[in-house]
2 protein chains.
Amino acid sequence: MTNQSVTTGGSRRPQARPSEILAAALELFAEKGFSATRMDDVAARAGLSKAGVYLYFKDKTALLKALVNELAGANIAVARGIVEAHQGPVSPLVATILAFLATQVRHTRFPELIKIVIAESRAHPDVGQLYLDTVINQGLPLFEGLIRRGIASGEFRAVDPALAARLMIGPMLLAIIWKTVFEPIGAEALDIEAYAAQHADIFLRGIRS
Amino acid sequence: MTNQSVTTGGSRRPQARPSEILAAALELFAEKGFSATRMDDVAARAGLSKAGVYLYFKDKTALLKALVNELAGANIAVARGIVEAHQGPVSPLVATILAFLATQVRHTRFPELIKIVIAESRAHPDVGQLYLDTVINQGLPLFEGLIRRGIASGEFRAVDPALAARLMIGPMLLAIIWKTVFEPIGAEALDIEAYAAQHADIFLRGIRS
DNA sequence: GTTGTTACTGACTGGTTAGTCATAATGGCA
DNA sequence: TGCCATTATGACTAACCAGTCAGTAACAAC
């Protein structure tokens with residue numbers, strides 16, 4: 001909240017501004033959606049004026065792009081770390097990855113961000129493109145490689161790795177939509193960890209040799 | 001296209017209007033999204049003036065609601081028919097349902113409609129609510145019952161039916177998002193029928209006893 | 001204190017569009 | 001032919017909000 005940056009007190013905090021603005025934007029986008037969030041709101045929550053926001057971000061869209069880069073990119077990096085550090089049979093790794101995704105879905109703003117990208121990608125194709133490059137085209141090959149490893153080691157039967165990778169994350173997308181779209185309008189909550197665990201169980205039984 | 005209704009020729013066709021307007025709205029919503037579609041556009045494509053549209057529909061939202069009722073309701077009715085007509089082991093029925101959903105995803109506007117509901121449900125909660133009532137709360141129990149039947153007959157092991165029903169349709173949601181969000185911005189096309197077939201294969205192996 | 005620079009703001013503009021309303025055309029019917 | 005209910009429209013308004021800009025405040029350096 002208070003100034004931790006290089007410059008001294010008062011209201012001049014150029015170093016801290018961008019992350020403060022992004023934090024405000026993320027909260028508001030998650031609460032109200034992208035279109036319904038006014039730049040005045042973002043500015044107010046970040047503690048400056050609307051014109052001030054434009055000193056740090058070119059566009060409303062630039063806020064969304066920065067958030068996609070920050071959040072999604074971080075998640076993918078973690079997933080990649082988990083995958084690359086792992087030795088031995090891949091089945092438990094699949095379960096671990098799905099459990100990791102479940103906690104991300106439950107405890108972070110990641111689901112809301114994905115929902116917003118989905119909702120806005122027609123109006124802002126560059127945001128969709130960024131998500132495609134940053135998340136999809138990073139994540140899918142990662143999971144695809146995982147399936148390939150399992151097939152190569154004889155753990156899995158010879159399924160199509162590209163399709164299997166999508167089948168692995170498809171249910172997590174449903175969880176994301178469920179949480180961000182249907183729970184807010186009165187659908188009963190989904191136990192995401194249990195759901196991911198059952199998914200891992202069924203999926204692994206389904207592809208093992 | 002031409003007048004099939006009770007009144008004679010000219011431009012007065014009150015019987016045919018609503019479906020003409022809905023057809024125009026569906027096309028435009030699918031092409032440009034809900035928010036980006038102007039009521040003037042809908043009116044123009046339906047062949048009347050904007051004010052004319054308001055003689056038949058209260059709201060822009062009313063168009064969307066009518067479309068959800070029409071398309072989604074019809075699909076659910078067909079799925080229910082397939083399920084209830086089926087006798088014998090449920091495994092092939094699961095495969096049939098998934099193949100049916102795949103053709104719907106490939107050949108109808110259903111995916112676009114779902115995407116729009118997802119995108120707009122925060123701004124128009126009543127649309128989300130309608131979808132929840134018309135599709136989710138009709139479809140999920142249907143699939144859940146299917147899983148129960150399989151468990152009761154000894155075909156499937158004792159998985160949680162509520163979770164399994166969601167796991168059954170989760171991958172189809174991914175296919176929908178893939179087609180409506182990522183393919184338009186350059187992602188390679190997904191072979192939905194093959195994807196659904198592999199899903200049926202893996203899923204059924206995963207839950208059989 | 002004066003000057004230069006950086007950070008910041010209030011007030012404004014321009015474009016957009018859902019929804020309305022007074023008015024007009026249409027066609028069945030007496 | 002003229003009447004009336006129904007069907008239709010052009011023109012308008014009221015609200016909304018992203019993005020701009022001329023000007024102001026704060027600070028650093030000397």
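No hydrogens, no waters, no symmetry mates; every other heavy atom, side chains included, goes into these values. So you know, we letter chains A, B, ... as the sequences are listed, proteins then strands, and number each from 1.
Between B:L48 atom CG and D:dT9 atom P the separation is 5 Å, expressed in whole Å. Straight-line distance from the CG atom of A:L55 to the C1' atom of D:dA26: 15 Å, rounded to whole Å. Atom P of nucleotide C:dT6 and atom CZ of A:R17 are separated by 17 Å, given to the nearest angstrom. Rounded to whole Å, atom P of C:dT16 lies 21 Å from atom CZ of A:R38.
In this structure, B:F57 reaches neither bases nor backbone, as no heavy-atom distance under 4.0 Å exists between it and the strands shown.
Comparing the local axis fitted to the first five base pairs of the helix from C:dG1-D:dC30 to C:dA30-D:dT1 with the one fitted to its last five gives a bend of 10°, rounded to 10°.
For the salt bridge (charged side-chain N to carboxylate O under 4.0 Å, His left out) test, residues two or more places apart in sequence or in another chain that qualify with A:R148 are A:E144. Legend: residues meeting ring pair (Phe, Tyr, Trp, His ring centres under 6.0 Å) with B:F29, ordered by chain and number and at least two apart, are B:F34.
Within the model, atoms CG of B:L67 and CG of B:L22 stand 5.0 Å from one another, a figure rounded to the nearest 0.5 Å.
When each of D:dG10, C:dT17, D:dT7 is scored by its nearest atom to the side-chain atoms of B:S49, the top-ranked nucleotide is D:dG10.
What you find for A:V105 and A:K179 is that their closest heavy atoms are O-NZ, 2.8 Å. A pairwise comparison of heavy atoms in B:V135 and B:A72 identifies CG2-CB, 3.2 Å as the closest pair.
Between the side chain of A:D160 and the backbone N or O of A:L163 there is at least one donor-acceptor pair closer than 3.5 Å. Under a 3.5 Å cut-off, the side chain of A:Y195 and the backbone N or O of A:A102 do not form any donor-acceptor pair. A side-chain donor-acceptor contact under 3.5 Å links B:W178 to the backbone of B:E188. B:K115 contributes no side-chain N or O that, together with a main-chain N or O of B:A30, makes up a donor-acceptor pair within less than 3.5 Å.
Applying the salt bridge (charged side-chain N to carboxylate O under 4.0 Å, His left out) test to residues at least two apart or on different chains, the pairs with a partner in residues 119-135 of chain A are A:K65-A:D126.
Counting only N and O atoms by type, the side chains of B:Q104 and B:N75 include a donor and acceptor under 3.5 Å apart.
Listed by residue number, A:T37 are the residues of residues 24-37 of chain A with a heavy-atom contact under 4.0 Å to DNA chain D.
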Can you give me the N/O atom pairs linking the protein to nucleotides 19-23 of chain D at distances under 3.5 Å, or say none if there are none?
| from | atom 1 | to | atom 2 | distance (Å) |
| --- | --- | --- | --- | --- |
| D:dG19 | OP1 | A:D59 | OD1 | 3.2 |
| D:dG19 | OP2 | A:Y54 | OH | 3.1 |
| D:dG19 | OP2 | A:K60 | N | 3.0 |
| D:dG19 | N7 | A:K50 | NZ | 2.8 |
| D:dG19 | O6 | A:K50 | NZ | 2.5 |

